[in-house]
K.L.:
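One structure coming up, written as structure tokens, with questions to follow.
None of these values were measured; they are calculated from a predicted model.
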Amino acid sequence: MTEGNGQASMGPTVGAGLSAVGGAGYRFDPDQIAELIPKWEELRDGIYQDYVQLQTAWSDATAPSPDQPAVQNANQTRASIQVAIAHNSAMYGYAQAWIDQLRKANGTYVEQDQRTGRGLYGNSGNTDGHGLY
């Protein structure tokens, strides 16, 4: 895709193994996408580790004394940390969405779902829930 000045735009596909192909869509290198999935998973896992630390910080933000200024400060600190937790959650969702899309792009997402279905319902292809016992 290009902007009005003829330069390529920097979109979410940059660095994802995707490149624009005229007006016909995108072309991707399956090997490059396969290499990106573990990197995005590592990023997602790091975001989760940050979430755990934020939860701990939120729990630890207590007033050192029961007086009003100390309690107010602790409450404001918790409110700030809560906003950081919400932002962290959004980043986690974004990273997971990229992982899902990359897996769909190289076929591993669909294959995994199909294997799961076969495991639950047996090899008959029956998907009505019978065969779970």
Side-chain angles (χ1 to χ4, degrees):
M1 296 176 60
T2 59
E3 296 176 0
N5 61 8
Q7 295 179 347
S9 64
M10 298 294 287
T13 59
V14 172
L18 303 173
S19 59
V21 181
Y26 290 94
R27 177 184 60 204
F28 65 92
D29 176 6
D31 293 334
Q32 192 175 11
I33 287 181
E35 290 174 12
L36 286 171
I37 293 172
K39 292 177 184 180
W40 274 97
E41 288 173 334
E42 183 180 344
L43 175 66
R44 180 208 51 205
D45 295 345
I47 292 169
Y48 180 77
Q49 290 170 358
D50 290 345
Y51 169 79
V52 170
Q53 291 178 344
L54 287 166
Q55 287 288 74
T56 300
W58 187 88
S59 297
D60 290 346
T62 58
S65 65
D67 61 11
Q68 195 270 339
V71 170
Q72 184 179 6
N73 189 31
N75 288 340
Q76 289 176 339
T77 300
R78 279 187 162 191
S80 177
I81 293 170
Q82 191 62 46
V83 171
I85 289 171
H87 182 264
N88 175 274
S89 177
M91 290 190 312
Y92 184 91
Y94 181 81
Q96 185 60 53
W98 261 107
I99 293 166
D100 293 344
Q101 292 302 316
L102 289 169
R103 285 184 177 158
K104 285 179 185 178
N106 77 356
T108 59
Y109 188 84
V110 174
E111 291 172 12
Q112 178 64 33
D113 287 348
Q114 290 172 348
R115 275 194 300 262
T116 302
R118 282 195 304 266
L120 290 175
Y121 303 113
N123 291 329
S124 68
N126 185 358
T127 59
D128 65 1
H130 290 71
L132 291 173
Y133 302 103

K.L.:
Give the minimum heavy-atom separation between Ile81 and Ala61, together with the two atoms involved.
P.N.:
CD1-CB, 4.4 Å
K.L.:
With rounding to the nearest 0.5 angstrom, report the CZ to CD1 distance, Arg44 to Ile37.
P.N.:
11.0 Å
K.L.:
Taking side chain to side chain contact (heavy atoms under 4.5 Å, CB included) as the definition, give me every residue that meets it alongside Ala70, ordered by chain and number, with sequence neighbours left out.
P.N.:
Ala63, Pro64, Ser65, Asp67
K.L.:
When clusters are formed by joining ILVMFWY residues with side-chain heavy atoms under 4.5 Å apart, either directly or through shared neighbours, do Val52 and Leu43 land in the same one?
P.N.:
yes
K.L.:
List for me each residue that meets side-chain hydrogen bond (donor to acceptor under 3.5 Å, both in side chains) alongside Gln49, sequence neighbours excluded, and say none if there are none.
P.N.:
none
K.L.:
For Glu42, give me all partners under side-chain hydrogen bond (donor to acceptor under 3.5 Å, both in side chains), at least two apart in sequence or on another chain.
P.N.:
none
K.L.:
State whether the number of non-hydrogen atoms from other residues, nucleotides or ligands found under 6.0 Å of Tyr48 atom OH is greater than 12.
P.N.:
no
K.L.:
Holding to side-chain hydrogen bond (donor to acceptor under 3.5 Å, both in side chains), I want the full list of residues that pass it with Gln72, two or more places apart in sequence or in another chain.
P.N.:
Gln68
K.L.:
Which heavy atom of Met91 sits nearest a heavy atom of Ile47, and at what distance?
P.N.:
O-CD1, 3.8 Å
K.L.:
If the condition is side chain to side chain contact (heavy atoms under 4.5 Å, CB included), which residues does Gln55 pass it with, not counting sequence neighbours?
P.N.:
Tyr51, Ile85
K.L.:
Test: side chain to side chain donor-acceptor pair (under 3.5 Å). Region: residues 74-84. Which pairs qualify, not counting sequence neighbours?
P.N.:
none
K.L.:
I'd like to check the side chain to side chain contact (heavy atoms under 4.5 Å, CB included) partners of Asp50; sequence neighbours left out, ordered by chain and number.
P.N.:
Gln53, Asn88
